[in-house]
Amino acid sequence: MNLFHFSGGNREATDDSTSRDSLTSAEETKKQLTAQFMRLFDFGRVKGEVTTRYEEPTESLITEASRVAFHLLFSSLLFGFVASQCRDCKRCFFGSFVAVRLRCFDDFRFLSDRKLRHFDRKQQRELAGCEADRRSSAVMDSTRAFTKDVKRLIIKVGTAIVTRTDGRLAVGRLGILCEQVKELNSLGYEVILVTSGAVGVGRQRLRYRKLVNSSFADLQKPQLELDGKACAAVGQSGLMALYDALFMLHCMQLDVSSSQLLVTDTDFKDPDFRMQLTETVKTLLSLRVVPVFNENDAISTRKAPYEDSSGIFWDNDSLAALLALELKVDLLVLLSDVEGLYSGPPSDPHSKLIHTYIKERHHGGITFGEKSRVGRGGMTAKVKAAVHAAYAGIPVIITSGFATDSIIKVLQGERVGTLFHKDANLWVLPKENGAREMAVAARDCSRKLQRISSEGRRRILLDIADSLEANEKLILTENGADISSLANSIRILANMEDPVGCIVRRTEVADGLILEKTLCPLGVLLIVFESRPEALVQIASLAIRSGNGLLLKGGKEAMRSNMVLHKIITEAIPENVGQKLIGLVTSRDEIPDLLKLDDVIDLVIPRGSSRLVSQIKESTKIPVLGHADGICHVYIDKSANMEMAKQIVLDAKTDYPAACNAMETLLLHEDLLNTNGLNDILAELRSEGVVLFGGPRASLAFEIPETNSFHHEYSSMACTIEVVDSVLSAIEHIHSYGSAHTDCIITEDKEIAEIFLNQVDSAAVFRNASTRFCDGARFGLGAEVGISTSRIHARGPVGVEGLLTTRWLLRGNGQVVDGDKGIIYTHKNLPLERQKMDNGTV
């Protein structure tokens, strides 16, 4: 058996098979723990394990912190909650203003780097106010708008949340839950818990006691399953002790306390009981106490806690639904071990998360997986309870109890879990499995767009520009974009020559057999972009001009702005094309489904961080156009005009540091060292607030910190400097550490310039011009969907032509191959004659 010894914050397990007489007595254990805590709270270093943070804590605060921490760990050890639940823990210690560092595989992760701080009432109110402001600014899904009016809620915690897969208590998950409850309590919510797990707790404790009191011969006999009611009786006090301890740990001044209310099915048959229950809960909530409900399985008349499903309620899910109606709560949250209700077993890769349950649509169409590994009914019981409560007027959300902030997100109105609402069937909702439908609709509309004339596509763009200006006030309430500038850029794009249908090559294959190579749209584009104000408008305009269907997914922080712009743009699209030409993806949960549609979506263009680009490339078979990094170089040659160089370098770095075409590395010819011109450039960079890092040579020459890596995109007011001995060394450096985006040389030597321009293998290579010029609008493309560093298809700023591909049109008069016997191939190039295919006519 295992003995756990606490020493200097380390817990060690040793095997002792000699005799159970060697077990330390409870009294001796208590003495050891007392001595241990005296060492922990001396605010000194114990064997290098305790790190203290001196902030002049008051004596009363130290005493309170010591008492709470001692209560938690001492009671946990005696009941087997810590010593037997957290085998992988390496360091366990507590204290006021002491960095709490518990490193475990699963449990207690919620305490990692957690400070136990002392807040007075005023500080708590200020904290609550800041949290309320953050909550109000969160993006709220339209179907979850009711959450802003929620005041009283029930949170049901299932056995799968309370226990781990090995049957032990999941103390870490319970700690995260208590932390969220404490936060909600401080914000003024009235929180009621319905918890399972007493039987599991009791079973663990009784198994331990049975093991301790068994002889070796007893252990060889078949082990009978423990009585569930006895397990419940033993486990109820232990489970509540854990809740009490966790609330005390998070609330040093006991701002949140918990209370236990055990009920049985027959209790609810008595009207007086129901009335008294309501009054008791009302009083507890007014005192900021969290009522914790559980069915009293120990004296329940059911045959066994996991079998009988008769009565007014039959498990804690139905108990939670019953209490929700009885106590008139505003929301019921059922925590599960999965993200919500799926269309099939969650383990099935084809199963989809149902965000909003509609009985008329989903009832009978869901295939449930296996029953809960520890509870009574699993997801089937949750859905039954949720439907019962929802259609009685109480909204219900089933969400994950494993996430660290799922309850907070629910109350912020985020689209997490599965919502059950009595009015859901009246809402206009996209189909839950609508990723394919959205993509197919965009493809169909793009084919209609291709059938109209070039002038028709131009007219659509002009209407969009007019509509943006007409709705300027509405847009400015959500978006700080320059509407006049955006509308003007759309008009410029509309008046540019339309390349769709252009003939780029004509060949006479044989006498009377004419072959033409023409430009045509790619099909359907999926663009995942950042929250820049002009991004959606530019991308949509390019898609229309190029005849492509479009699916857009912007950042959640710009969701409302994107919805306004999307509505204005699509309303300007005529009915003979269809507003579904441009689809707006509002949930990132749909992105994985879209990335699987390689038979419908033709190109994905991610515009964002390198991490986003890499993740998308790894997650799809669809071609991806974009760049993962924007590590742009400026090389100052020894023949450079240093005044010109200063202007270019400052612009490339400081005009917009976060842009992908901003300078990240400045390369200097070694002959420029210790010259006034170079010193002036470095001084100007510093005066503008640019932080300088150096390579091995530059860090010594200029006494600046050495960079950790040359392959680094700062996207801020910082850059790397290195010294090279020639233009060839500069080129080699760019090829070794660059990202093939945009690189520039500043030189007056034409021969050196040509070497650089011809040998640097990047999407854009400049001479004596800022890297910031690498932009679709500045290149005269009208706009861009992004900048590509790939070598297939488009490269550099991607405008209309980058969104086109080619197709071949062959016109004959009855020719056949027939083994090439009766045909003479001429393969003669024909003049283009400015011809263009448009709507089926030349």
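The first residue of the sequence shown is numbered 1, and numbering continues consecutively from there.
- Met275 has its side chain out of reach of Thr278: every pair of non-hydrogen atoms, C-beta onward, lies at least 4.5 Å apart.
- Cation-pi geometry between Arg274 and Phe268 is not met at under 6.0 angstrom from the ring centre and within 45 degrees of the axis.
- Residues Thr195 and Tyr243 meet the side-chain proximity criterion, which asks for heavy atoms closer than 4.5 Å.
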Worked verdict on Val396 versus Leu331 for side chain to side chain contact (heavy atoms under 4.5 Å, CB included): CA-CA 6 Å; Val396 183; Leu331 176 66; 6.0 Å; no

Using the side chain to side chain contact (heavy atoms under 4.5 Å, CB included) rule, take Ile397 and Thr418 through it: C-alpha gap first, then chi angles, then the decisive distance, then the call. CA-CA 5 Å; Ile397 293 178; Thr418 301; over 6 Å; no

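- Two residues are said to be in side-chain contact when any heavy atoms from C-beta on lie closer than 4.5 Å; Leu184 and Ile408 meet this criterion.
- Open room surrounds CD on Glu339; 12 or fewer heavy atoms of other groups in view lie less than 6.0 Å from it.
- Within the model, atoms CG of Leu341 and OG1 of Thr380 stand 9.5 Å from one another, a figure rounded to the nearest 0.5 Å.
- Ion pairing of Arg144 with Glu414 is absent here, as no side-chain N (NZ or NE/NH1/NH2) approaches a carboxylate O to less than 4.0 Å.
- For the pair Asp330 (side chain) and Lys151 (backbone), a donor-acceptor distance under 3.5 Å is present.
- In this model, a donor atom of one side chain and an acceptor atom of the other lie less than 3.5 Å apart for Asn316 and Ser196.
- In this model, no donor atom of one side chain and acceptor atom of the other lie less than 3.5 Å apart for Thr283 and Glu279.
- Side-chain contact check for Asp244 and Ser258: at least one donor-acceptor pair (N or O, by modelled atom type) lies under 3.5 Å.
- The closest side-chain heavy-atom distance from Leu153 to Leu332 is not below 4.5 Å.
- Phe146 and His421 have tilted rings, their planes meeting at an angle from 30° to 60° on a 0 to 90° scale.
- Between Asp317 and Lys156 a salt bridge is recorded (basic side-chain N to carboxylate O distance below 4.0 Å).
- We find the CG-CD distance between Leu284 and Glu190 to be 11.0 Å, quoted to the nearest 0.5 Å.
- Between Leu323 and Val281 there is no side-chain heavy-atom pair separated by less than 4.5 Å.
- Side-chain contact check for Phe420 versus Ile394: every heavy-atom pair is 4.5 Å or farther apart.
- For the atom pair CG (Asn294) and CD (Gln260), the distance works out to 7.5 Å, reported to the nearest 0.5 Å.
- Here the straight-line distance linking atom CD of Glu295 with atom CG of Asp315 works out to 8.0 Å at 0.5 Å rounding.
- Counting heavy atoms from C-beta on, the side chains of Leu277 and Asp267 never come closer than 4.5 Å.
- Contact of the Leu177 side chain with the Val157 side chain is registered, since non-hydrogen atoms from C-beta on lie closer than 4.5 Å.
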